[in-house]
Amino acid sequence: MIIVLLGPPGTGKGTQAKAITTRHRLPHVSTGDILRKNLADGSELGLEAKAYMEKGELVPDHLILRLIDSRLSEPDASGGCLLDGFPRTRVQAEAFDGDLSAKGLSIDHVLLLEVASEALIKRLSGRRVCETCGKSYHVDFNPPPAECHCGGAIVQRPDDTEEAIKNRLKVYQELTKPLVDYYEAKGLLRRVDGDATPQEVEKRIARALGDPV
Ligand code: AMP
């Protein structure tokens, strides 16, 4: 099964991705996580992506398509995956559809997580993440401990600054939101209201996917 998780930054895609991948035993493929890992490792891709990521701009399509191609050819993705943060442009979506159809495959579901933009700014500016395991906290809603349960340091993502957040939301509106129509026209889109507790959103997603709740 191939599931695409779509939605502006801050809608809780990362948190929900973990719940969906556990339930469906799928690998969680997050292009943002892969890029951050490359950045931390100082790889060539990480160096190329750094400036775009820090400003909240999109990394060029050809780099992302290469990254996805390589990740999806790993054995754990042979039975499908959950894509979080990909595709993000029409070019990426069309290239991905082309690759899948060449393999006789197609996307099963596109889940759109929707949250009002004022709430997104609040969610993102208060977000703190563990540098080691990626667990997400929020200064008001889920205050982070001095140190993550895994022992990792709690940090603010460099693209969670006010300026980068505004840019990321603008980029979403301009480049990623058009994918809503693209997937709706294909009959794949399932809309989920993400303005609720993570547990409630998890149930809404399960219902949208036709899973037992
Ligand atoms: P995320 O963790 O999904 O919010 O991604 C963090 C950053 O990584 C984005 O703001 C982009 O700079 C970059 N990025 C992640 N996925 C993509 C993608 N599919 N296309 C272009 N840039 C991406």
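Atoms within each ligand, like the ligands themselves, are counted from 1 in listed order. All heavy atoms count here, side chains included; hydrogens, waters and symmetry mates do not. Treat the numbers as computed from the prediction; the structure is a model and nothing was measured.
- Looking at F96 and L83, their side chains come closer than 4.5 Å, going by heavy atoms from C-beta outward.
- A salt bridge links R71 with D76: at least one charged nitrogen is closer than 4.0 Å to a carboxylate oxygen.
- Counting heavy atoms from C-beta outward, K186 and I107 have side chains that stay 4.5 Å or more apart.
- The structure places CG of L169 at 7.5 Å from CD of Q173, a figure rounded to the nearest 0.5 Å.
- A distance limit of 4.0 angstrom between heavy atoms and ligand 1 selects the residues T31, G32, L35, R36, M53, E57, L58, V59, I64, G85, F86, R88, Q92, R157, D159, R168.
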List the atom pairs, with distances to 0.1 Å, where a side-chain N or O of residues 44-56 and a protein N or O form a donor-acceptor pair under 3.5 Å, not counting sequence neighbours.
unit_1 : atom_1 : unit_2 : atom_2 : d
K50    : NZ     : E54    : OE2    : 3.3

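- The pair R207-E200 counts as a salt bridge, with a side-chain nitrogen and a carboxylate oxygen less than 4.0 angstrom apart.
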